Number of protein chains: 2
Amino acid sequence: MLNLPGYAEQVRSNHDFVKLGERVDHSCLIVAGVVGRFDQDSQGNRQIIALHIPGDMADLHSAVQPEVTSALQALSTTTIVRIPHSAILSAARTYPTLGEALWRDCMADSAILAEWVFNVGRRDAKKRIAHLICEIAVRVGAAPANGMIMFPFPLTQTHVGDAAALTPVHVNRTVQALRREGLVDIGKNVKINDWGGLVAAADFDDRYLHLSTKPKRVPLIH
Amino acid sequence: MLNLPGYAEQVRSNHDFVKLGERVDHSCLIVAGVVGRFDQDSQGNRQIIALHIPGDMADLHSAVQPEVTSALQALSTTTIVRIPHSAILSAARTYPTLGEALWRDCMADSAILAEWVFNVGRRDAKKRIAHLICEIAVRVGAAPANGMIMFPFPLTQTHVGDAAALTPVHVNRTVQALRREGLVDIGKNVKINDWGGLVAAADFDDRYLHLSTKPKRVPLIH
DNA sequence: CGCTCTGTTGATTAAATTCAAGAGTAGTGG
DNA sequence: CCACTACTCTTGAATTTAATCAACAGAGCG
């Protein structure tokens, strides 16, 4: 087993722990919480371009590209471990198969990014939010219980808007519509009453998540 | 110098040379022409999620993730060379630094993808198309001549719409507006009259292209 | 208790889509 | 060489979706 160095660190909600423009010498493993990767323009308009959940290396790519062009912000109270690039790269050099796995992990994130371009570009508000919820449900590994899928959801409607490229007002109305239709209740928890219906409404196809090649999540060894 | 196997192949315009759902055992180097990476939904709505120009490995990522989740289509008459994954991966295993470079190359594409999420999500039609043109101008390495930047542009307005997530009708009106304002003339050639003005109109910041770490384009050794 | 943040509602406005049709251009085959 | 077809670009009008503006209510926290 790899014994990567690093120490756990708490990040407050809405705090940037990797900032635009800096040059980093480590990648961040998310241990708990939810983090958003943000891009912004010169007027300060922000867009979440990726969401990361526990088990994700939110910026593994920085190992080969240390200039930060999108910030990482905690969207809830979050625990991270900063892992030095030196450790990652030397391990990858020693075990080329590991290097390939890290590369593959980055490409899994990239495939999600591609789907987000489609999501934001081609789907209307309802499909877009439904699709986002489907993706998160699969990624967190939410399992049905009592005919319902439920998982904690610390994001605000504003966060959802930042991810789906919609205004908070429009997110609110769309979330209400999804609730009224009995598909999904998006609150402090997401409660999916009708997974099949939600998948259909979102036109969700999980192939882009490459679930078969995705490594199982392993508990953190410190 | 690497001596990767492969033979040149002509692809007709509008032809998919890597198809959705297949499993590939090679990556495609673009030698000439322009190719689009397409995602689509069950209704057949299409979205270009990436553009590739000569010198790009359009689907290098398939070396570590061979299941095709987005198709590659020639947007003009195109020449490609198919390079076996076996050759790429064994070279990467032998020379870990090369493996890192390939990984880095994939991450450069990923950074562009991230910018596209922002582009499609947060910019209006004019900024969006202007931004796309700025990006392509930089990537093809277009240089000013006679106070004007000009390069061939084989894409149709429909292609631009597929990339910018706009209808062809709206692309047309927006392209005309950009022409009227003297910023850029988008036709069989792109003619940029006012680079500074276009950059400002697009809110374009080339940092996401990581130009400093981008390897210089080398002529193909066969 | 008062502040801030989040969610909610209504009215208005703006941006982009949709629908429909016509004009120009290039390529194909007779 | 011309007729025919397909594609691209263009225009106008009507419609739809989402943004904007403006308030207010409730929850949580110091």
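Numbers restart at 1 for each chain; the letters A, B, ... are given by sequence-line order, proteins then strands. Just so it is clear, the structure is predicted and the values come from calculations on it, not from any experiment.
- Close to D:dC9, at under 4.0 Å from its OP1 or OP2, lies no side-chain N or O of B:Asn172.
- Side-chain polar atoms of B:Ser70 and B:Arg37 form a donor-acceptor pair below 3.5 angstrom.
- Residue-level contact check: B:Val175 touches neither bases nor backbone, having no heavy atom under 4.0 Å from any strand.
- Residue order along DNA chain D, read from the 5' end via each residue's closest nucleotide, puts A:Thr174 first among A:Thr174 and A:Lys188.
- Nucleotide D:dT10 holds its P atom 12 Å from the CG atom of B:Leu178, rounded to whole Å.
- Residue contacts for B:Asp124: at a heavy-atom cut-off of 4.0 Å it reaches the sugar-phosphate backbone alone, with no base atom in range.
- Within 6.0 Å of NZ in B:Lys127 there are more than 12 heavy atoms belonging to other residues, nucleotides or ligands.
- Regarding A:Asp162, its CG atom lies at a distance of 17 Å from the P atom of D:dA18, rounded to whole Å.
- Smallest separation of non-hydrogen atoms from B:Ala58 and B:Ile30: CB-CD1, 3.9 Å.
- Computed from coordinates, the B:Ile186 CD1 to D:dC9 C1' distance equals 14 Å when rounded to whole Å.
- In this model, the phosphate group of C:dA16 is not approached by any side-chain N or O of B:Arg123 to a distance below 4.0 Å at OP1 or OP2.
- Shown here for B:Ile129 and B:Ala164, the closest heavy-atom pair between the two residues is CG1-CB, 4.4 Å.
- In this structure, A:Arg12 places its CZ atom 12 Å from P of D:dG30, rounding to the nearest Å.
- Going from atom CG of A:Asn14 over to atom P of C:dT4 covers 15 Å, rounded to whole Å.
- Taken from CG in B:Asn172 to CD1 in B:Ile186, the straight-line distance is 11.0 Å, to the nearest 0.5 Å.
- OP1 or OP2 of C:dT8 has at least one side-chain nitrogen or oxygen of A:Gln157 nearer than 4.0 Å.
- Comparing D:dA19, C:dT18, C:dA16 by their closest approach to the side chain of A:Thr167 singles out D:dA19.
- Counting non-hydrogen atoms under 4.0 angstrom, B:Arg122 reaches nothing in the nucleic acid.
- For A:Arg173 against D:dT20, a side-chain-to-base donor-acceptor contact under 3.5 Å is present.
- Using the six-membered ring where Trp is involved, B:Phe204 and B:Trp195 have ring planes that are perpendicular, over 60° apart on the 30 and 60° scheme.
- When rounded to the nearest whole Å, the span between CZ of B:Phe153 and P of D:dT8 equals 13 Å.
- One interatomic measurement links the two molecules: CD1 of B:Ile129 to P of C:dA15, which rounds to 15 Å at whole-angstrom precision.
- The residue A:Thr156 sits close only to the backbone: its heavy atoms come under 4.0 Å of sugar-phosphate atoms, none of a base.
- Each of A:His170 and B:Pro168 lies near DNA chain D, and the nucleotide nearest B:Pro168 is the one positioned closer to the 5' end.
- Protein atom NZ of A:Lys126 is 16 Å distant from nucleotide atom P of D:dT16, rounded to whole Å.
- Closest to the side chain of A:Ala125, from the set C:dT17, D:dA18, D:dT20, is D:dA18.
- Phosphate proximity of D:dC9 to B:Gln176: absent, as no side-chain N or O sits under 4.0 Å from OP1 or OP2.
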